[in-house]
> 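What follows is a structure written as structure tokens; I'll ask about it next.
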Amino acid sequence: MFVRMSTTLCHRTTVFRRASTPCFQRNRCSWTIVPRSVGSGSNTSNVDGSKPRKIPPVKRITRDDVTIQFARSSGAGGQNVNKVNTKVDMRLNLTVDWLDEEVADAVRRMQKKRINKDGELVIMSQRTRSQLGNIEDALEKVQEILDDAHRTTLPIEEDPEKKKQIEKQLKKGNEARLKKKQLKGDKKKERRSGKNIKDW
């Protein structure tokens with residue numbers, strides 16, 4: 001199903017968009033495929049025809065890449081609950097040199113509630129009874145967030161078979177629209193000719 005995104009009445013042009021597919025633009029007489037906006041993370045090429053910049057994968061995060069603080073845990077711990085500082089407060093500065101700016105922007109969009117006023121990604125963990133276990137758990141969470149953000153910046157490869165099916169659907173829809181328009185025009189002609197006969 002197509003979803004109407006924007007309409008320009010003065011030029012009688014309507015743009016429709018469907019997830020993971022190219023955009024389509026309908027003019028007065030035909031449908032044409034038009035490129036999607038640049039920077040959406042799903043283009044196979046830029047508007048000028050050049051290939052988009054390839055963003056390198058995010059490296060494996062270690063303790064040296066983050067800031068760690070400890071607090072008393074309210075989670076599992078038996079006799080150590082509220083006595084030992086096993087809760088981990090981990091923070092990652094999103095402006096570090098090794099993190100691509102587009103990936104950092106994706107993290108800010110996807111994890112708004114975990115970004116503090118200093119622009120840091122904040123992750124808490126009190127899953128285990130030990131500091132080491134919670135550090136590893138927090139590092140895995142940070143890694144997963146960064147990897148997910150990186151995936152959103154990758155271009156979506158175009159499927160030739162799917163493109164062919166879409167073009168076929170557009171052609172069929174355009175033919176049906178023209179046929180309907182022709183029938184409507186014929187009806188108008190019939191009404192006009194009948195009116196002229198009555199006038200005589």
Side-chain angles (χ1 to χ4, degrees), residues 1 3 5 17-23 35-163 166:
M1 180 182 295
V3 180
M5 298 296 294
R17 181 168 294 177
R18 182 167 57 183
S20 301
T21 62
C23 291
R36 301 180 72 171
S37 58
V38 177
S40 63
S42 57
N43 288 329
T44 56
S45 62
N46 295 324
V47 174
D48 59 2
S50 62
K51 290 291 183 181
R53 181 174 64 89
K54 187 175 181 179
I55 300 175
V58 179
K59 71 169 190 172
R60 190 68 186 175
I61 306 300
T62 66
R63 294 182 61 168
D64 296 333
D65 300 315
V66 296
T67 302
I68 301 175
Q69 296 178 347
F70 301 100
R72 291 184 179 180
S73 175
S74 60
Q79 295 179 349
N80 290 329
V81 173
N82 294 325
K83 295 180 182 180
V84 180
N85 293 336
T86 57
K87 180 179 179 181
V88 170
D89 179 332
M90 184 173 292
R91 305 187 180 204
L92 172 66
N93 185 356
L94 296 178
T95 61
V96 290
D97 295 337
W98 53 263
L99 184 62
D100 190 277
E101 184 60 31
E102 288 192 37
V103 176
D105 288 340
V107 173
R108 295 185 185 99
R109 291 194 303 271
M110 298 168 64
Q111 303 291 335
K112 292 181 180 179
K113 294 183 179 180
R114 289 179 171 175
I115 306 298
N116 63 14
K117 62 181 181 180
D118 296 323
E120 298 173 319
L121 174 65
V122 181
I123 297 296
M124 302 284 188
S125 178
Q126 53 183 0
R127 184 178 181 181
T128 70
R129 301 181 181 184
S130 67
Q131 288 184 353
L132 182 60
N134 288 333
I135 289 174
E136 293 299 323
D137 180 60
L139 284 174
E140 287 297 324
K141 290 178 179 178
V142 173
Q143 188 73 52
E144 183 178 356
I145 289 172
L146 295 181
D147 290 342
D148 288 344
H150 176 262
R151 279 192 287 271
T152 64
T153 66
L154 298 177
I156 297 176
E157 297 296 331
E158 187 175 280
D159 186 351
E161 186 65 27
K162 190 172 184 179
K163 181 180 178 181
I166 293 173

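Values below: all heavy atoms of this structure, side chains included; hydrogens, waters and symmetry mates excluded.
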> Test K59 against D65 for side-chain contact (heavy atoms from CB on, under 4.5 Å), laying out the working first.
CA-CA 10 Å; K59 71 169 190 172; D65 300 315; 3.0 Å; yes
> Rounded to the nearest 0.5 Å, how far apart are CD1 of I55 and CD of E102?
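Between I55 CD1 and E102 CD, I get 3.5 Å after rounding to 0.5 Å.
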> Under 3.5 Å, is there a donor-acceptor pair between the side chain of D148 and the main chain of I145?
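Not a single qualifying donor-acceptor pair exists.
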> How close do V122 and D89 get, counting heavy atoms only, and between which atoms?
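Minimum heavy-atom separation between V122 and D89: CG1-OD1, 3.8 Å.
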> Would you compute the distance between atom CZ of R114 and atom CZ of R91 and round it to the nearest 0.5 angstrom?
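Atom-to-atom, R114:CZ and R91:CZ are 13.5 Å apart.
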> As an exercise, state the distance from OG1 of T152 to CE of M110, rounded to the nearest 0.5 Å.
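That separation rounds to 5.5 Å.
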> Hey, is the main chain of I61 close enough, under 3.5 Å, to the side chain of Q143 for a donor-acceptor pair?
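Flag set: sc Q143 to bb I61 pair under 3.5 Å.
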> Can you list the residues that meet the side chain to side chain donor-acceptor pair (under 3.5 Å) rule with E120, with sequence neighbours excluded?
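By the side chain to side chain donor-acceptor pair (under 3.5 Å) rule, E120 matches N116.
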> Output, in order, the C-alpha distance, side-chain angles, deciding distance and verdict of side-chain contact (heavy atoms from CB on, under 4.5 Å) for V103 and V58.
CA-CA 9 Å; V103 176; V58 179; 4.1 Å; yes
> Roughly how far, to the nearest 0.5 Å, is the CZ atom of R108 from the CG atom of L121?
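It is 10.5 Å, given to the nearest 0.5 Å.
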> Test salt bridge (Lys or Arg N to Asp or Glu O under 4.0 Å) on D137 and K141; report intermediate values, then the result.
CA-CA 6 Å; D137 180 60; K141 290 178 179 178; 3.4 Å; yes
> When you look at Q131 and N85, which way does the side-chain contact (heavy atoms from CB on, under 4.5 Å) test go after all the steps?
CA-CA 8 Å; Q131 288 184 353; N85 293 336; 4.3 Å; yes
> Roughly how far, to the nearest 0.5 Å, is the CD atom of E144 from the CG atom of D147?
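Between D147 CG and E144 CD, I get 8.0 Å after rounding to 0.5 Å.
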> Would you say H150's side chain and D100's backbone share a donor-acceptor pair under 3.5 angstrom?
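Not confirmed, H150 side chain does not pair with D100 backbone.
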> Not counting sequence neighbours, which residues clear salt bridge (charged side-chain N to carboxylate O under 4.0 Å, His left out) with E140? List them please.
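In terms of salt bridge (charged side-chain N to carboxylate O under 4.0 Å, His left out), with neighbours along the sequence ignored, E140 is linked to R60.
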> Do the side chain of N134 and the main chain of V88 share a donor and acceptor less than 3.5 angstrom apart?
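It does not hold such a pair.
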> Which pair of non-hydrogen atoms, one from I135 and one from F70, has the smallest distance, and what is that distance?
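That would be CD1-CZ, 3.8 Å.
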> Please identify which of these residues, D64, T62, I68, meets the side-chain contact (heavy atoms from CB on, under 4.5 Å) condition with V66.
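So the option named by the test is I68.
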> Find the distance between CG (D118) and CG (L94) and round it off to the nearest 0.5 Å.
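That separation rounds to 11.5 Å.
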> Can you name the closest pair of heavy atoms from A104 and L99 and give their distance?
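Closest pair (atom of A104, atom of L99, distance): CB-CD2, 4.0 Å.
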